[in-house]
A.B. asks: 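One structure, as structure tokens, below. Some questions next.
Only this structure's heavy atoms are used, side chains among them; waters, hydrogens and symmetry mates stay out. Throughout, a chain's letter reflects where its sequence line sits, starting with A, and its residues are numbered from 1.
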Amino acid sequence: MAQVSLTFPDGNSRNFDKGITAAEVAASISTSLGKKAISATVNGAHWDLQWPIEADAAIAIHTMQDDAQALELIRHDLAHIMARAVQELWPDVKVTIGPVIKDGWYYDFDREEPFTPEDLGEIEAKMKEIINRRDPVTTEVWERDRAIAYYEANNEPYKVELVNAIPDDGQPIRMYWHGHWQDLCRGPHLQNTGQVPGNGFKLMSVAGAYWRGNSDNAMLQRIYGVGFKDPKALKAHLTMLEEAAKRDHRKLGREMDLFHMQEEAPGQIFWHPNGWKIYTTLQDYMRRQQDRDGYVEVNTPQVVNRKLWEASGHWDNYQENMFIVEVDEEHAREKTVNALKPMNCPCHVQVFNQGLKSYRDLPLRMAEFGSCNRYEPSGALHGIMRVRGFTQDDAHIFCEEKHIEAETKKFIEFLAGIYADLGFHDWSIKLSTRPEKRIGSEESWDHSEESLGNACKAAGYDYEIQEGEGAFYGPKLEFVLTDAIGREWQCGTLQVDPNLPERLDASYIGQDGAKHRPIMLHRAVVGSFERFIGILIEEHAGKLPFWLAPRQVVVTTIVSEADDYAQEVVAALKAAGVRAEADIRNEKINYKVREHSLAKVPVILAVGAREVEEKTVSVRRLGEKQTSVMSLSEITTELKDAALAPDLK
RNA sequence: GCUGCUGUAGCUCAGAGGUAGAGCACUCCCUUGGUAAGGGAGAGGUCGAGAGUUCAAUUCUCUCCAGCAGCACCA
């Protein structure tokens, strides 16, 4: 019999009969490993114990101790078990797909009536029952025709479509059985439903999802579940979700009195004094950074005639998402159709186009805190993170092709400094390359992609390539922040655009005396201020760094005899540039401390008879229980420094 | 935009076919209290908007608006 040579993680190799299964390999090593094995990795692929090994390979056997593999298998089996439970409860429901995702899985179903929360409870109970049956999980490879005939006979049209979609490139069409229940699946799976921890999962929610992710297709019902190895891990996950909910910017925005939104202006923000203080503090900081980095700041119109949007190409592509403002003939000589600007670039080109530009003017870095309005689909709106009215820290660098690399490097360094100042150290770069539908020559794509990659390397950063994800006119960099609870946010971006200067006829006079087209680099660091402030709030759970905190200090009185002194302390702090206010209300100190702590005021100063006498303050910092006594001059000096933005220290 | 859910006082929420309730917040009074809620009294709501069914609708039905979760979208 033919042999295969398998190499184990320790470097040793052994020969086995060709076609041996991973389970047999595990059992050949030791009886206990044979029992504990759950799957293998064969040549880098996660391998079902039942699958035969037909060629020489590197192999590693996994047990439940291997988290990555164990969780993948558990969640994958749970997806199947859930689908089976649903079909046992409601045999008419059609099954579609059910992949593993972060922390769990989902499965999409086609069913007339919506699933209710009560249904979820029933499904969960049925799943536990199935797990307790300890049914064997088995697998077979089928011919395509047989699979299609089977699914047609069973009235599972989605599965027929899936089988048909499997490319004819030799990959097996694999069937899995969990007991009598069957599903098309590429695997791998556990060997027995009883191996799935019956108390480590929970069904979380139902929501609509389009078949195959396409909004032209039918809407299915998706049930989400989370699954772990044991109830403790499940509990920890649920607790984490509760913690995340506590730092929701919409909740904190209300509690800290930062902003509100209301029906009459969906997707737009009413900033309250506290929130606006954060906004302007951040914007002032950004403006100083831009000034230092060689940008000029401009400001451009909000309401612009459609002619410009037609010329830029936005009218054709994004009309549906623009706020259209029509001025009728009663108000003007002739009817005009305008749109609120959804982006700033066409206006910036208009500024660039005023007067003749020389190659000596390039690179020209034109910045605007550009207020934009986009008619986002209603379902996309989310607190202040995704809105219809927002302001970008937008800028366009007009340059020559040869400038791209150096300008990009300069920008990455600029952005890195700002993220560091704002307390974000965990971020990464993604480089999106040429998509299938594109304009421009291959040479110019080569050059821009290479320039962006080189710039990242030159600035000392790695990047991940997103193949084909670039815009139709040029490649882009995306800068992705990871926040305190592991969520990713794309904030910064840099896009190479030779298209818009072409469409809007921007030019400069080159050294050769002839007209040339500049390239535009669209770039932003925070992206939208609204969204970025939302991220800041959630990152810090409302406890913003002192310099950004809208209310930095509250001076609370313990007895009313201290009222005058409290005002004196406030005056001293204000003179030092600290945002301070007095709380001389007739309330107990406990009450005031609680209230201001909940409002996330970073420093509470309490003053009573002793402090008045000694010209001191009792200092209580947010998050700390103990207090300390400092002289008025000491605390003023300290807070004066703390109140400065990082770039002013 | 799509699927589902939700909309009652400033906030968090209870309630029911016969035009509403709690806690906190708010106002006033008492209290001057040393670091996360002192006590008492009071005021406050066209029950998201419109239409329909009904003797009667905030409650049932429909339409619309907004929000939430997810999907799709994000120049």
A.B. asks: Show the nearest heavy-atom pair for residues A/Tyr565 and A/Thr616, with the distance to one decimal.
C.D. replies: OH-O, 2.8 Å
A.B. asks: What is the distance from CG of A/Leu504 to C1' of B/rA75, rounded to the nearest Å?
C.D. replies: 14 Å
A.B. asks: Would you kindly give the CZ-to-C1' distance between A/Arg250 and B/rC11, to the nearest whole Å?
C.D. replies: 16 Å
A.B. asks: Go ahead and name the base partner of B/rC28; Watson-Crick or wobble counts if both distances stay under 3.5 Å, otherwise write none.
C.D. replies: B/rG40
A.B. asks: Work out how far the C1' atom of B/rG45 is from that of B/rU12, and round it to whole angstrom.
C.D. replies: 16 Å
A.B. asks: What is the distance from NE2 of A/His272 to P of B/rG10, rounded to the nearest Å?
C.D. replies: 13 Å
A.B. asks: Ignoring backbone atoms, establish whether A/Lys588 has a side-chain N or O less than 4.0 Å from OP1 or OP2 of B/rG34.
C.D. replies: no
A.B. asks: Between A/Tyr224 and A/Tyr107, does the ring centroid distance fall short of 6.0 Å?
C.D. replies: no
A.B. asks: State whether A/His382 places a side-chain N or O below 4.0 Å from either non-bridging phosphate oxygen (OP1 or OP2) of B/rA69.
C.D. replies: yes
A.B. asks: To the nearest Å, how far apart are A/Arg386 CZ and B/rC71 P?
C.D. replies: 12 Å
A.B. asks: Please classify the nucleic acid contact of A/His522 as base, sugar-phosphate, or nothing, using heavy-atom distances under 4.0 Å.
C.D. replies: nothing
A.B. asks: In whole angstroms, how far is the C1' atom of B/rC65 from the CZ atom of A/Arg388?
C.D. replies: 12 Å
A.B. asks: I'd like the C1' distance from B/rG21 over to B/rC64, given in whole Å.
C.D. replies: 29 Å
A.B. asks: Using a 4.0 Å heavy-atom cut-off, does A/Leu220 contact any base of the nucleic acid, only the sugar-phosphate backbone, or nothing at all?
C.D. replies: nothing
A.B. asks: Once you apply a heavy-atom cut-off of 4.0 Å, does A/Pro342 come out as touching a base, just sugar-phosphate, or nothing?
C.D. replies: base
A.B. asks: In whole Å, what is the span from the CG atom of A/Asp108 to the P atom of B/rG4?
C.D. replies: 15 Å
A.B. asks: Rounded to whole angstroms, how far apart are CD on A/Gln262 and C1' on B/rC11?
C.D. replies: 16 Å
A.B. asks: I want to check something: taking the side chain as every heavy atom from C-beta on, are A/Ile123 and A/Met82 in contact at a cut-off of under 4.5 Å?
C.D. replies: yes
A.B. asks: What contact category does A/Tyr224 fall into here, base, sugar-phosphate, or nothing, at under 4.0 angstrom with non-hydrogen atoms?
C.D. replies: sugar-phosphate
A.B. asks: Could you tell me whether A/Asn214 contacts a base, only the sugar-phosphate backbone, or nothing, with contacts defined as non-hydrogen atoms closer than 4.0 Å?
C.D. replies: nothing
A.B. asks: Counting only side-chain nitrogens and oxygens, does A/Tyr591 get under 4.0 Å of the OP1 or OP2 atom of B/rA25?
C.D. replies: yes
A.B. asks: In Watson-Crick or G-U wobble terms, both distances under 3.5 Å, what is the partner of B/rG45?
C.D. replies: none
A.B. asks: Contact class for A/Gly213 vs. all strands (heavy atom < 4.0 Å): base, sugar-phosphate, or nothing?
C.D. replies: sugar-phosphate
A.B. asks: Reckon A/Arg620 touches a base, only the sugar-phosphate, or nothing at all at heavy-atom distances under 4.0 Å?
C.D. replies: base
A.B. asks: Just to confirm, is there a sub-4.0 Å distance from OP1 or OP2 of B/rA36 to any side-chain nitrogen or oxygen of A/Asn590?
C.D. replies: yes
A.B. asks: Taking the ring centre of each residue, are A/Phe270 and A/His260 less than 6.0 Å apart?
C.D. replies: yes
A.B. asks: Assign A/Val206 to base, sugar-phosphate, or nothing according to its heavy-atom contacts below 4.0 angstrom with the strands shown.
C.D. replies: nothing
A.B. asks: Would you kindly give the CD-to-C1' distance between A/Gln495 and B/rA75, to the nearest whole Å?
C.D. replies: 8 Å
